[in-house]
Amino acid sequence: MDNLINDKIDMFIMTSMKSHDSVRTETLRAIKSAFLNWRVLKEHIGKVPTLADESQILKKMVKQRQDSIEQYRSAGRQELADAEQAQINIIQEFLPKEATEEEIAKAFNDVITNNGVEAIQKNMGMIITGIKAELPSADGRMVADY
């Protein structure tokens, strides 16, 4: 559990506060809040988030900010779009490196080899599940497109 962000978030917030980095502090507090919100959801009560859960939460936060950037830019509010981008940059520091196409291809071949899948199309769900198990940081769209 020592590699979980949730276990270290208070330390990260304290460090950013000491360095008077308000954007970083605000973003870290948003991360902490998102983790707390996850824990109080009915289906998660009593559970401790895993690294995969944390990554999913962080990816959702990035997506929300990307959507905001598009809206701000279309409204001509570049300064707000820049502020959202600064938050994305901080959140992405905590996300694991995305899997490359080559890694996905290797995982795809490994899953097929290990499971002896004859009809790929009929077993695509099982293949995608196997790839995501081997490469949790893989982008779902990239896996599905492969």
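Side chains included, hydrogens not; waters and symmetry mates left out as well; all remaining heavy atoms used. For the single chain, residues carry numbers from 1 onward in sequence order.
Following chains of ILVMFWY side-chain contacts shorter than 4.5 Å, one cannot reach Leu80 starting from Val23, and the two form parts of different hydrophobic clusters.
Distance CD1/Ile9 to CG/Leu36: 9.5 Å, rounded to 0.5 Å. How far OG of Ser33 is from CE of Met61: 8.0 Å, rounded to the nearest 0.5 Å. In this structure, CG in Leu95 is found 7.0 Å from NZ in Lys59, a value given to the nearest 0.5 Å. With rounding to the nearest 0.5 angstrom, the CG atom of Asp21 is 6.5 Å from the OG atom of Ser16. Between Met11 atom CE and Leu28 atom CG the span is 10.5 Å, to the nearest 0.5 Å. To the nearest 0.5 Å, atom CD1 of residue Ile90 and atom CD of residue Gln85 are 10.5 Å apart.
A heavy-atom distance below 4.5 Å is found between the side chains of Asp10 and Lys32. Side chains of Val48 and Arg39 form a contact here, defined as non-hydrogen atoms less than 4.5 Å apart. Using a 4.5 Å cut-off on side-chain heavy atoms (C-beta onward), Lys18 and Met14 make contact. Within the 4.5 Å cutoff, side-chain heavy atoms of Ile88 are placed close to those of Ile69. Side-chain contact check for Ile5 versus Leu58: some heavy-atom pair is nearer than 4.5 Å.
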Could you go through the side-chain contact (heavy atoms from CB on, under 4.5 Å) check for Thr27 and Asn89 one step at a time? CA-CA 10 Å; Thr27 305; Asn89 295 341; over 6 Å; no
Going through the checks in order, is the side-chain contact (heavy atoms from CB on, under 4.5 Å) test met by Gln78 and Tyr72? CA-CA 6 Å; Gln78 187 58 42; Tyr72 288 144; over 6 Å; no
Please assess Gln87 against Arg24 for the test side-chain contact (heavy atoms from CB on, under 4.5 Å), listing each intermediate value before the final yes or no. CA-CA 7 Å; Gln87 288 189 6; Arg24 187 170 189 81; over 6 Å; no
Output, in order, the C-alpha distance, side-chain angles, deciding distance and verdict of side-chain contact (heavy atoms from CB on, under 4.5 Å) for Leu51 and Asp53. CA-CA 5 Å; Leu51 196 54; Asp53 293 328; over 6 Å; no
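Aromatic ring pairs are classed by plane angle as parallel below 30°, tilted from 30° to 60° and perpendicular above 60°; the pair Phe94 and Phe12 is tilted.
Within a 6.0 Å sphere centred on CD of Gln66, other residues, nucleotides and ligands contribute more than 12 heavy atoms.
Minimum interatomic distance between Lys47 and Trp38 (heavy atoms only, all atoms of both residues): O-CZ3, 4.1 Å.
A search for side-chain contact (heavy atoms from CB on, under 4.5 Å) contacts involving Gln71 returns nothing, not counting sequence neighbours.
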